[in-house]
Amino acid sequence: MNDKNSAPSKLIEERLDEIRRVMGKVDDDPLRIVGVGAGAWGSVFIAMLQENYGIFRGKVSVRIWRRGGRAIDKSTAEHLFEVINSREELLRRLIRRCAYLKYVEARLGDRVLYADEILKDGFCLNMIETPLCPLKVVTNLQEAVWDADIVINGLPSTETSQVFNEISKYWKERVTAPVIISLAKGVEAEFEPHPRIVTPTQMIYRATGIPLENILYLGGPNIASEVYNKEYANARICGSEKWRKPLGKFLRQSHFIVWDNSDLVTHEVMGGLKNVYAIGAGMVATLTKESATSKSVYFAHCTSEMIFITHLLAKEPEKLAGPLLADTYVTLLKGRNAWYGQKLAKGELSLEMGDSIKGKGMIQGVSAVKAFFELLNQSSLSLQHPEEGKPVTPAELCPILKMLYRILITREVSCEAVLEALRDETMNDPRELIEIAQSHLFFQPWLLGQKP
């Protein structure tokens, strides 16, 4: 190894040795890292770990689970073939691995490729144009997770409970609990015994019984493909101090800065909230032909609603302003939820197609719209209307959220209705909504399952 590469490699190995020590690993017992779910961010996250630490084979094992049997259609196979042949280094890699011929055959329609099969070569089905490093892929869930030390949850919130309920069966005989890092930004709502938001980390805890201190959330303003291509990015890992600090150091790279924070659930919920308004932003962009003025009007109203909602959910909401706005900004610019809103408004997608979209994966914002509106529309949360002096639910004071619910969930109105909400002459100044939140003792900890 030359001097130029030895110093960074030594630093990386020291980080690996440190996390192995913290996790109580002994010689000849590799640290086992497993990704569960192979969407864009989950695949990129595992690929980054493989690239950074995979050379230390005796000390670490990195693998990813995804369901087997997902066939790739011919149009995707053709696109994949074009990507391969446009990149000489990638083409050479596949030829060296004796893997190129199957892509030729799939392009010609002579064979069928499967999502788990191409992931081994570094192709994520939701991100074909950003090839990753080759990955170790496991399609048997028990084989993937039974001895894992660190589990990366890359599943959408809508699948988290189901998969981790199954995983719990394989962990019954474990002596030590694994550490779980959830990347999921979706949320669900439940209403008994009282209304509350349920986050993916809470779903994991319920399903597995793993101690809460061993379950963390990592999120930040980033786009998966750009992070993998080493665009500068940052994220926060949230949870117990015991694990967030050593894991933050372990996950940190020169282009991917990881900070840490103790407030797990609130950051997790805010990661879901921005997806709600990103869908509307995509609709507005398309319907106004990318009008900068209209988009800024929408941004003013949606940020005031988000600030209003954070006052319900957070004891110190001002601490969330920066991370929430940054995450919202990048999602509005290039996220899949904004893309989905654009495609709906153009008529290129329809609600009947569902919220799992070919080439993009699960659109988390749809279920988040349902969860936030139905939760905030509970009469038990009512407050006095500032002008009319009558009780109203928080949802009634959030016209953008209400209209998105009517567009996406009850399907009463078309995408154009989001512009009607913006142009409603009776709509209050966004500043007034923020003042309402700031002038009330608003925080409702039980909405996040916390004690008052």
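Sequential numbering from 1 along the given sequence is applied to the chain's residues.
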Legend entry - Side-chain heavy-atom pair Arg70, Asp116 within 4.5 angstrom cut-off: no
Legend entry - CD/Glu51: more than 12 non-hydrogen atoms of other groups inside 6.0 Å: yes
Legend entry - Shortest non-hydrogen contact from Tyr170 toward Val145: CD1-CG2, 4.1 Å
Inset, instruction - Applying side chain to side chain donor-acceptor pair (under 3.5 Å), name anything that partners His79, two or more places apart in sequence or on another chain. - result: Glu129
Inset, instruction - Evaluate the side-chain proximity of Thr158 to Glu188: yes if any heavy-atom separation is below 4.5 Å, no if none is. - result: yes
Inset, instruction - Report yes if the side chains of Leu49 and Leu251 come closer than 4.5 Å at any heavy-atom pair, otherwise no. - result: yes
Legend entry - Student check: side-chain heavy atoms of Val163 and Asn153 closer than 4.5 Å: no
Legend entry - Pairwise distance OG1(Thr266) to CD1(Ile197) - rounded to 0.5 angstrom: 9.5 Å
Legend entry - Donor-acceptor pair between Tyr100 and Asn85 side chains, under 3.5 angstrom: yes
Inset, instruction - Check salt bridge (charged side-chain N to carboxylate O under 4.0 Å, His left out) between Arg63 and all other residues, then give those that pass, not counting sequence neighbours. - result: Asp147
Legend entry - Donor-acceptor under 3.5 Å (Arg20 side chain, Lys59 main chain): yes
Legend entry - Arg87 atom CZ, over 12 foreign heavy atoms within 6.0 Å: yes
Legend entry - From OG (Ser43) to CG (Leu135), nearest 0.5 Å: 7.0 Å
Legend entry - Contacts of Arg174 that satisfy salt bridge (charged side-chain N to carboxylate O under 4.0 Å, His left out) - sequence neighbours left out: none
Inset, instruction - For Phe373, enumerate each residue passing the ring pair (Phe, Tyr, Trp, His ring centres under 6.0 Å) test, keeping only those at least two apart in sequence or located in another chain. - result: Tyr405
Legend entry - salt bridge (Lys or Arg N to Asp or Glu O under 4.0 Å) pairs, two or more places apart, involving residues 350-376: Asp73-Lys358, Glu352-Arg411, Lys370-Glu374
Inset, instruction - May I ask you to check whether over 12 heavy atoms, not counting those of Glu14, lie within 6.0 Å of atom CD? - result: yes
Inset, instruction - Could you tell me whether the side chain of Arg244 and the main chain of Gly239 form a donor-acceptor pair under 3.5 Å? - result: yes
Inset, instruction - Examine distances only and state if a side-chain atom of Ser61 and a backbone atom of Arg57 form a donor-acceptor pair shorter than 3.5 Å. - result: no
Legend entry - ring pair (Phe, Tyr, Trp, His ring centres under 6.0 Å) involving Phe45 - partner list, sequence neighbours excluded: Trp41
Legend entry - Sequence neighbours excluded - ring pair (Phe, Tyr, Trp, His ring centres under 6.0 Å) pairs with any residue from residues 116-158: Tyr103-Phe123
Legend entry - Nearest atoms (heavy-atom pairs only) where Ile12 meets Phe56: CG2-CE1, 3.7 Å
Inset, instruction - Would you mind reporting whether Tyr298 and Ile400 have side-chain heavy atoms less than 4.5 Å apart? - result: yes
Legend entry - Residues that Glu190 engages under salt bridge (charged side-chain N to carboxylate O under 4.0 Å, His left out), provided they are two or more places apart: Arg196, Arg206
Legend entry - Greater than 12 external heavy atoms within 6.0 Å of Asp110's CG: yes
Legend entry - Within 6.0 angstrom of Lys74 NZ, more than 12 heavy atoms from elsewhere: yes
Legend entry - Nearest non-hydrogen partners of Cys124 and Leu119, listed with the distance: CA-CD1, 4.2 Å
Inset, instruction - Nearest 0.5 Å please: distance from the CG atom of Leu90 over to the CD1 atom of Ile95. - result: 10.0 Å
Inset, instruction - Quick one: do Glu89 and Arg93 satisfy salt bridge (Lys or Arg N to Asp or Glu O under 4.0 Å)? Show the steps, please. - result: CA-CA 6 Å; Glu89 184 179 342; Arg93 187 182 85 190; over 6 Å; no
Inset, instruction - Walk me through it: do Met203 and Phe164 pass the test side chain to side chain contact (heavy atoms under 4.5 Å, CB included)? - result: CA-CA 8 Å; Met203 296 174 197; Phe164 276 89; over 6 Å; no
Inset, instruction - Could you list all the side chain to side chain donor-acceptor pair (under 3.5 Å) pairs where at least one residue sits in residues 275-284, not counting sequence neighbours? - result: Asn275-Asn337, Tyr277-Glu305
Legend entry - N/O donor-acceptor pair under 3.5 Å between Asn52 side chain and Met48 backbone: no
Inset, instruction - Dump the intermediate steps for side chain to side chain contact (heavy atoms under 4.5 Å, CB included) on Val330 and Asn222, then the final yes or no. - result: CA-CA 7 Å; Val330 75; Asn222 46 62; over 6 Å; no
Inset, instruction - Answer whether the closest heavy-atom distance between the side chains of Phe250 and Leu16 falls below 4.5 Å. - result: yes
Inset, instruction - Using atom types as modelled and distance alone, determine if a side-chain donor or acceptor of Asn261 lies under 3.5 Å from a backbone N or O of Asp263. - result: yes
Inset, instruction - Mind listing the closest non-hydrogen atom pair of Ala77 and Ile72 along with its distance? - result: N-CG2, 3.9 Å
Inset, instruction - Taking all non-hydrogen atoms of both residues into account, name the closest pair between Arg66 and Ala38 and its distance. - result: CB-CB, 3.7 Å
Inset, instruction - Evaluate the side-chain proximity of Met127 to Val44: yes if any heavy-atom separation is below 4.5 Å, no if none is. - result: yes
Inset, instruction - Answer yes or no: does atom NZ of Lys136 have more than 12 heavy-atom neighbours from other residues, nucleotides or ligands under 6.0 Å? - result: no
Legend entry - Test item: Thr303 side-chain N/O and Ala300 main-chain N/O as donor-acceptor pair under 3.5 Å: yes
Inset, instruction - Check whether any side-chain heavy atom of Glu18 lies under 4.5 Å from a side-chain heavy atom of Arg21, and answer yes or no. - result: yes
Inset, instruction - For Val112 and Ala71, work out which heavy atoms get closest and say how close. - result: CG1-CB, 3.8 Å
Inset, instruction - To the nearest 0.5 angstrom, please state how far the NZ atom of Lys10 sits from the CD atom of Glu13. - result: 9.5 Å
Legend entry - Ala99: partners by side-chain contact (heavy atoms from CB on, under 4.5 Å), with sequence neighbours left out: Leu94, Arg97, Lys102, Asp121
Legend entry - From CA spacing to verdict: side chain to side chain contact (heavy atoms under 4.5 Å, CB included), Leu247, Ile150: CA-CA 10 Å; Leu247 284 169; Ile150 299 174; 4.0 Å; yes
Inset, instruction - Report the C-alpha separation of Leu404 and Met283 in whole Å, then their side-chain angles, then the decisive distance to 0.1 Å, and conclude whether the side chain to side chain contact (heavy atoms under 4.5 Å, CB included) test is met. - result: CA-CA 10 Å; Leu404 290 172; Met283 293 176 181; 4.2 Å; yes
Legend entry - Euclidean distance, Asp149 CG relative to Asp29 CG, rounded to 0.5 Å: 7.0 Å
Legend entry - Flag, side chain of His255 to backbone of Val227, donor-acceptor distance under 3.5 Å: yes
Legend entry - All side chain to side chain donor-acceptor pair (under 3.5 Å) counterparts of Thr201, not counting sequence neighbours: Thr199, Glu268
Inset, instruction - Please list all pairs passing the salt bridge (Lys or Arg N to Asp or Glu O under 4.0 Å) test where one or both residues lie in residues 150-173, with sequence neighbours left out. - result: Arg67-Glu159
Inset, instruction - Find the distance between CG (Asn126) and CE (Met362) and round it off to the nearest 0.5 Å. - result: 10.0 Å
